[in-house]
A.B. asks: 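Please read through the structure below; I'll follow up with questions.
Below, chains carry the letters A, B, ... as their sequence lines are ordered, and counting in each starts from 1.
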Amino acid sequence: MNSSHAVQILPPEWFTLPTCVVASDMVGKLLCRTMSDADGNLYTVKIRVVETEAYIGLDDPACHTHAGTRTKRTEVMYEAGGIFYIYLTYGVHHMLNVVTSRAESPESVLIRAGFFDECIVSNAILKNNQPELVASMTHHKNLAGPGKLTNRLNITRDLNQLPVAPDTGLWFEDDGCSPPVQLRPRIGIDYAGDAKDWLLRYVWAGHKSLSKLSCHNH
DNA sequence: GGATGGATTGGCT
DNA sequence: GCCAATCCATCCA
């Protein structure tokens with residue numbers, strides 16, 4: 001986006017910032033995922049984040065840790081920010097979260113949508129404005145929705161509790177992109193009473209790759 | 001040990 | 001718009 005800005009890997013400590021700051025600033029960042037093809041060759045896909053949600057802990061009825069709920073599943077959220085919280089919902093879809101804030105402040109950010117930006121194969125950088133690349137990366141094109149995003153990037157609970165870092169094969173980079181962000185109510189939490197109207201969803205204003213439910217709710 | 005329901009998606013009416 | 005899919009964490013007896 002901004003070619004004069006040095007690309008920086010976001011260190012785990014970046015995610016110890018307040019949850020709403022992380023959720024908002026994460027829009028425009030690159031979600032980077034290293035995978036292997038059928039022949040075992042490694043490649044890295046970079047996805048531009050366009051939609052996130054904040055789940056803000058003890059006083060948030062929509063959050064898995066509301067009222068201090070502390071179980072085997074949610075224990076990871078009580079760690080310091082900078083590790084993944086990944087769980088299965090509806091028996092079908094993996095939800096990708098990054099744990100945020102300090103230890104004992106059990107909050108996280110859900111990654112809801114992104115779009116394909118570039119792919120790195122054997123040090124060659126293939127950008128999304130190359131028609132032949134877009135054609136070959138069709139399976140990465142539709143990343144609008146939290147379940148679709150994890151499915152296309154091969155993200156499962158294997159990564160739960162692991163640090164947000166290149167060694168893990170899943171990390172974030174900042175290349176200076178800073179799009180306009182709008183606040184919206186969160187999706188799929190009708191059970192949460194008043195909290196269903198809280199403005200804790202952060203979207204790239206007017207972007208066409210927002211999740212389907214997101215557009216519907218607009 | 002059994003019941004409940006979900007931070008979703010895609011297919012069908 | 002409606003609804004099944006499909007696993008498993010969580011809660012209650």
A.B. asks: Verify whether one side chain among A/Thr74 and A/Thr65 offers a donor that lies under 3.5 Å from an acceptor in the other.
C.D. replies: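 Short answer, no.
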A.B. asks: Can you tell which of B/dA7, B/dT9, B/dG6 lies closest to the side chain of A/Ser108?
C.D. replies: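 Ranking B/dA7, B/dT9, B/dG6 by closest atom to the A/Ser108 side chain puts B/dA7 first.
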A.B. asks: Nearest-Å distance, CD1 (A/Ile189) to C1' (B/dT8)?
C.D. replies: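 Answer to the nearest Å: 14 Å.
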A.B. asks: Where the side chain of A/Tyr55 is defined as all heavy atoms beyond and including C-beta, which of B/dT9, C/dC8, B/dA7 is the nearest nucleotide?
C.D. replies: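 Nearest nucleotide to the side chain: B/dA7.
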A.B. asks: Working to the nearest 0.5 angstrom, can you tell me the gap between A/Glu173 CD and A/Asp117 CG?
C.D. replies: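 Taking CD in A/Glu173 and CG in A/Asp117, the distance rounds to 10.0 Å.
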A.B. asks: Is A/Arg186 paired with A/Glu53 through a side-chain N to carboxylate O contact shorter than 4.0 Å?
C.D. replies: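 A salt bridge is absent here (no side-chain N lies under 4.0 Å from a carboxylate O).
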A.B. asks: With P as the reference atom in both, quote the distance from C/dT6 to B/dG2 in angstrom, rounded to an integer.
C.D. replies: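 22 Å, rounded to whole Å.
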A.B. asks: Got a sec, which pairs hit ring pair (Phe, Tyr, Trp, His ring centres under 6.0 Å) with one end in residues 154-175 of chain A, sequence neighbours left out?
C.D. replies: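 Every ring pair (Phe, Tyr, Trp, His ring centres under 6.0 Å) pair that includes a residue of residues 154-175 of chain A, provided the two are not neighbours, is A/Phe15-A/Phe172.
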A.B. asks: A/Tyr85 OH to C/dA9 C1': how many Å, rounded?
C.D. replies: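 Answer to the nearest Å: 9 Å.
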A.B. asks: Under 3.5 Å, is there an N or O donor on one side and an acceptor on the other linking the side chain of A/His93 and the base of B/dA7?
C.D. replies: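 Side chain to base: no pair present.
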A.B. asks: Could you give the distance from SG (A/Cys32) to CD1 (A/Ile9), rounded to the nearest 0.5 Å?
C.D. replies: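 The SG atom of A/Cys32 sits 8.0 Å away from the CD1 atom of A/Ile9.
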A.B. asks: Any side-chain N or O of A/His64 less than 4.0 Å from the OP1 or OP2 oxygen of C/dA9?
C.D. replies: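 Looking at the OP1 and OP2 atoms of C/dA9, neither is under 4.0 Å from any side-chain N or O of A/His64.
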A.B. asks: Take the protein atom CD1 of A/Ile86 and the nucleotide atom P of C/dC7, then report the distance between them rounded to whole Å.
C.D. replies: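 After rounding, the gap between these two atoms is 19 Å.
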A.B. asks: Which atoms form the tightest heavy-atom contact between A/Pro12 and A/Val164, and what is the distance?
C.D. replies: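 For A/Pro12 versus A/Val164, the nearest heavy atoms are CG-O, 3.8 Å.
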A.B. asks: At under 4.0 Å between heavy atoms, what does A/Arg157 touch on the DNA or RNA strands: base, sugar-phosphate, or nothing?
C.D. replies: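 Sugar-phosphate, backbone atoms only, no base.
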A.B. asks: Quick one: which of B/dA7, C/dT10, B/dT8 gets closest to the side chain of A/Asn97?
C.D. replies: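 Looking only at heavy atoms from C-beta outward on A/Asn97, the closest nucleotide is B/dA7.
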A.B. asks: So A/Asn151, base contact, sugar-phosphate only, or nothing? Heavy-atom distance under 4.0 Å.
C.D. replies: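 Here A/Asn151 touches no strand at all.
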A.B. asks: Hey, does A/Leu110 reach any base, or is it just sugar-phosphate, or nothing, if we go heavy atoms under 4.0 Å?
C.D. replies: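 Base contact.
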A.B. asks: Report all interatomic pairs (protein N or O, nucleotide N or O of nucleotides 11-13 of chain C) with separations under 3.5 Å.
C.D. replies:
none

A.B. asks: What I want to find out is whether A/Arg48 reaches A/Asp175 closely enough, with some N-O distance under 4.0 Å, to be called a salt bridge.
C.D. replies: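 Yes.
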A.B. asks: Can you measure A/Arg152 atom CZ to B/dG10 atom C1' for me and round it to whole angstrom units?
C.D. replies: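 One finds 11 Å between C1' of B/dG10 and CZ of A/Arg152, rounded.
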A.B. asks: From CG of A/Leu199 over to C1' of B/dA7, roughly how many Å is that when rounded to an integer?
C.D. replies: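 Those two atoms, CG and C1', are 17 Å apart.
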A.B. asks: Please state how far atom OH in A/Tyr90 lies from atom P in C/dC3, giving the value in whole angstrom units.
C.D. replies: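 These atoms are roughly 15 Å apart.
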A.B. asks: Keeping to residues at least two apart or across chains, list the side-chain hydrogen bond (donor to acceptor under 3.5 Å, both in side chains) pairs with something in residues 18-29 of chain A.
C.D. replies: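 Applying side-chain hydrogen bond (donor to acceptor under 3.5 Å, both in side chains) to every pair that reaches into residues 18-29 of chain A, excluding sequence neighbours, yields A/Thr19-A/Thr100, A/Thr19-A/Glu107.
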A.B. asks: Roughly how many Å is it from NZ in A/Lys196 to P in B/dA7, rounded to a whole number?
C.D. replies: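 The answer, rounded to whole Å, is 15 Å.
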A.B. asks: Round to the nearest Å and state the distance from A/Asp190 atom CG to B/dT8 atom P.
C.D. replies: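 Rounded to the whole Å, the gap is 10 Å.
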A.B. asks: Would you say A/Tyr191 places a side-chain N or O within less than 4.0 Å of OP1 or OP2 belonging to B/dA7?
C.D. replies: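 So the side-chain polar atoms of A/Tyr191 do come within 4.0 Å of the phosphate oxygens OP1 or OP2 of B/dA7, strictly under.
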A.B. asks: Does B/dA7 have its OP1 or OP2 closer than 4.0 Å to a side-chain nitrogen or oxygen of A/Arg201?
C.D. replies: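 Checking B/dA7 against A/Arg201, no side-chain N or O comes under 4.0 Å of OP1 or OP2.
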A.B. asks: Counting only pairs under 3.5 Å, give me each side-chain donor-acceptor contact of residues 84-99 of chain A, with atom names and distances, residues two or more places apart or in other chains.
C.D. replies:
unit_1	atom_1	unit_2	atom_2	d
A/Tyr85	OH	A/His64	ND1	2.6
A/Asn97	OD1	A/Ser108	OG	3.3
A/Asn97	ND2	A/Tyr85	O	3.3

A.B. asks: Using the ring centroid of each side chain, check whether A/His66 and A/Tyr55 are separated by less than 6.0 Å.
C.D. replies: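 Here the rings of A/Tyr55 and A/His66 have centres that are no less than 6.0 Å from each other.
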A.B. asks: Nearest to the side chain of A/Arg73 - B/dA7, B/dG10, C/dT10?
C.D. replies: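 It is C/dT10.
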A.B. asks: Can you run through DNA chain B from 5' to 3' and write each base as (, ), [, ], | or . depending on how it pairs? Watson-Crick or G-U wobble, both distances under 3.5 Å.
C.D. replies: ||||||.|||||.
A.B. asks: Would you mind telling me which of B/dG10, C/dC8, C/dT6 lies closest to the side-chain atoms of A/Lys148?
C.D. replies: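 In terms of side-chain proximity for A/Lys148, the closest of B/dG10, C/dC8, C/dT6 is B/dG10.
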A.B. asks: Can you tell which of C/dT10, B/dA7, C/dT6 lies closest to the side chain of A/Val92?
C.D. replies: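 My answer, after comparing the listed nucleotides, is C/dT6.
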A.B. asks: Measuring from the side chain of A/Ile187 (C-beta onward, heavy atoms only), which nucleotide among B/dT8, B/dA7, C/dT10 has the closest atom?
C.D. replies: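 Between B/dT8, B/dA7, C/dT10, the one nearest the side chain of A/Ile187 would be B/dT8.
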A.B. asks: In whole Å, measure the gap between the C1' atoms of B/dG10 and C/dC8 for me.
C.D. replies: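 Going atom to atom, C1' in each nucleotide, I get 22 Å.
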A.B. asks: My understanding is that only residues two or more places apart in sequence, or in another chain, count here; which of them pass salt bridge (Lys or Arg N to Asp or Glu O under 4.0 Å) with A/Arg102?
C.D. replies: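 A/Arg102 satisfies salt bridge (Lys or Arg N to Asp or Glu O under 4.0 Å) with no residue once adjacent residues are dropped.
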